[in-house]
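Inspection log for the structure reproduced underneath, given as structure tokens.
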Amino acid sequence: MESAVPDFEELTLCGYCKQKFNDTDQSPKMLSCKHYFCLQCMRTTLVKGQGELYCVHCWKRTELGDMGPESLPTYAPVLHLTKNFAQLKLGAKPPDKPPKVISENCHTHAMPLALWCHTCCSSLCRACASTSDHTNHQIKSQNEAKDQLVSEVQMDLVAMNKILSEIQRLTMQQREFLVKILEACVTLKTHVEAELTNSNAHVELTESRDFLAKARMNLSVADNLADVQNLYSSLNIEKQRLQARYQEMYLQCQLDDLIRNSTVVLDFQLLKQAVGNIHSGEVSFPGNSRILPLNQQNPILFLANYCLSQLYSRHVLAKQPLNGNLDYHNHNTVAPLPPNYMPSHAPPHLVLTSPKNMYADNNLIVQNMIHSPQIIKNPSNICPLYYFNIEVNGAPIGRIVIEVRADVAPKMAKNFGVLTTGEVGMGYKGCSIFQCWEGESVITGDFELNNGRGGRSIFEDSFFLPDDTKLLAVRGTVGMRRTQKRHDNLGMVGSQFRIILQEMRGFTGIFGHVVEGLDLVEKISTYGDNAGKPTKNILISKCGKL
């Protein structure tokens, strides 16, 4: 019955201030919802407005008369219980369980077990402690051993709690690292897709074929020596350009094959040696002079060597002056020409000897993998960059940069770009981020109402069907949000857009991705409550095109 005493005592306390009821200011007054609180709380805390009380348990309203809270009925049973609680007899205490009988004497020597062997973890008598079985063991009295064990247990508890805290910290640190890896993979994938999409090799070939066709036609109608001489001069210039382009791509593909089929992890020194050997016409690494079967190629090793070659071309070769063959990746120079061709204006160090058929017997597959820094650079006309400066409660906290895929989403890219620059008199500047879901996404772009039910596009019909980009809604991507107006069932979009923090399989309309400030987006997402409504005033203070 003693276990019920705290429950009964809880009835004698006010449910709000936890003070004990009495006959005066702390008398229990009952509301219309049958909940009761002390008179003092009703006078100061529960009163809302003129003549109204609100229950903190159920939030129902109780109207008061002219007399105020004093006119409410007093909960007499609870008051009586409070006054007489100390005199109540709640029953007899149940009998204790009979203690477990533990032998206090040694069965061998019939002596009290007054000692404890810390090494063997067992009770001993004095005769047992003097035997050879416990020589050099740590023997203490029972009380001393108990105190030592208690101290050790306490130390172990503290140490284990510390280890758990460290494990939790390291787990979060590892998760953040993996998130960064995922972001880097998405960025790499986007760059490779952009390079594949924006490759101008086919355009160059088409232009060259058209030029040759026109040259054949002009040759057939040439009447005098001057026309033929002009045609010869123009053909010679185009021939030099094609020969330079061919030699450049030939050497590049040799290095690509080396990286793809390498069985070791490359470093900057090995890449430097490979570039030098390729220019001298030698085999870079004899062990890698043949194509590996598909089942022997390691995709992780291949990707690592590709990324390292990117770093090498960006941070080493791109920063070196023109000093011989190492400037191979710099396309600002005149590229090496094929064998037996040396134009008078070509720098001597760029003219290479004929390659010694280093891959002639291997039939290596040509695959363009390593690119110069100029090719890696984002073409502004295809994938423009837009910035958004963010303020929280009037204080600037950082910038978000978004790359827009105008190549696969031309209509959404145009709408987003014009609204970002504000060139038509409306746009994202001054917009609020009106929805934040922690770790999921943030939504903005409603420059009319800032609540998700406004906004419109730059086009005449205000709303339009998004481009079918087939881009996945993964972390860091940006997509147009469907309008919440009557066009919702048609899947149309206006101006609102969502920045995604975790994969959304059913979300379409992706047109770009965050290239800078994704950690800022993650921070902003934490400002939303359970319903996704921001708890702070988050604004786009300034935006535009980079």
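Only a predicted model underlies this, so the values are computations on that prediction, with no experimental measurement involved. Atom set for the values below is all heavy atoms of this structure, side chains included, hydrogens, waters and symmetry mates excluded.
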Notebook entry, point to check: Thr508 and Arg482: side-chain contact (heavy atoms from CB on, under 4.5 Å), yes or no, with the steps?
Noted result: CA-CA 10 Å; Thr508 58; Arg482 311 293 182 186; 2.4 Å; yes
Distance check, rounded to the nearest 0.5 Å: [X] atom [atom1] versus [Y] atom [atom2]?
X: Ser432; Y: Leu449; atom1: OG; atom2: CG; result: 11.0 Å
X: Ser165; Y: Met160; atom1: OG; atom2: CE; result: 12.0 Å
X: Asn450; Y: Phe447; atom1: CG; atom2: CZ; result: 10.0 Å
X: Leu266; Y: Cys307; atom1: CG; atom2: SG; result: 12.0 Å
X: Glu238; Y: Glu207; atom1: CD; atom2: CD; result: 9.0 Å
X: Asn537; Y: Ile433; atom1: CG; atom2: CD1; result: 10.5 Å

Would you say [X] and [Y] make side-chain contact, with heavy atoms under 4.5 Å?
X: Lys239; Y: Leu242; answer: no
X: Val401; Y: Val514; answer: no
X: Ile397; Y: Ile524; answer: yes
X: Glu440; Y: Met504; answer: yes
X: Ile181; Y: Cys185; answer: yes
X: Leu501; Y: Leu518; answer: yes
X: Gln254; Y: Asn277; answer: no
X: Lys272; Y: Val275; answer: no

Item checked: Salt-bridge present (Lys523, Glu438; N to O < 4.0 Å) -> no
Notebook entry, point to check: Do the charged groups of Arg475 and Glu503 touch, with an N to O distance under 4.0 Å?
Noted result: no
Are any side-chain N or O atoms of [X] and backbone N or O atoms of [Y], one a donor and one an acceptor, separated by less than 3.5 Å?
X: Ser262; Y: Ile259; result: no
X: Gln174; Y: Arg169; result: no
X: Gln435; Y: Thr444; result: no
X: Thr535; Y: Tyr527; result: yes
X: Asn389; Y: Ser541; result: no
X: Ser525; Y: Gly439; result: yes
X: Asn415; Y: Ile458; result: yes
X: Asp267; Y: Gln269; result: yes
X: Glu448; Y: Gly455; result: yes
X: Asp446; Y: Arg453; result: yes

Next item on the list: Just do the side-chain contact (heavy atoms from CB on, under 4.5 Å) check on Leu270 and Gln273 with the steps written out, would you?
Entry: CA-CA 5 Å; Leu270 287 176; Gln273 178 186 347; 4.0 Å; yes
Margin query: Would you call the rings of Tyr428 and Phe497 parallel, tilted or perpendicular, taking 30° and 60° as the class edges?
Written below: perpendicular
Next item on the list: On the 0 to 90° scale, with breaks at 30° and 60°, tag the Phe416-Phe511 ring pair as parallel, tilted or perpendicular.
Entry: tilted
Counting only heavy atoms not in [X], do more than 12 sit closer than 6.0 Å to its [atom1] atom?
X: Lys414; atom1: NZ; result: no
X: Asn530; atom1: CG; result: no
X: Phe211; atom1: CZ; result: yes

Specify the closest pair of heavy atoms between [X] and [Y], including all atoms of both residues, with the distance to one decimal.
X: Lys545; Y: Tyr387; value: N-CE2, 4.0 Å
X: Leu472; Y: Thr477; value: O-CG2, 3.7 Å
X: Thr263; Y: Leu301; value: C-CD2, 3.8 Å
X: Thr469; Y: Ala409; value: CG2-CB, 3.5 Å
X: Gly509; Y: Pro466; value: CA-CB, 4.4 Å
X: Ala274; Y: Leu258; value: CB-CD2, 3.4 Å

Item checked: Arg498 side chain to Ser441 side chain, donor-acceptor N/O pair below 3.5 angstrom -> yes
Check: Between the side chains of Ser208 and Arg241, is a donor N or O closer than 3.5 angstrom to an acceptor N or O?
Finding: yes
Notebook entry, point to check: Hey, mind stepping through Leu231 and Gln229 against side-chain contact (heavy atoms from CB on, under 4.5 Å) and telling me if it holds?
Noted result: CA-CA 5 Å; Leu231 180 60; Gln229 175 64 33; over 6 Å; no
Check: Please walk me through it: do Asp227 and Asn218 pass side-chain contact (heavy atoms from CB on, under 4.5 Å)?
Finding: CA-CA 8 Å; Asp227 293 339; Asn218 292 336; over 6 Å; no
Note to self: Among Arg456, Lys411, Met480, exactly one meets side-chain contact (heavy atoms from CB on, under 4.5 Å) together with Val493. Which residue is that?
What the structure shows: Met480
Note to self: So if I apply the side-chain contact (heavy atoms from CB on, under 4.5 Å) rule between Ile402 and each of Val515, Val478, Leu385, which one comes out positive?
What the structure shows: Val478
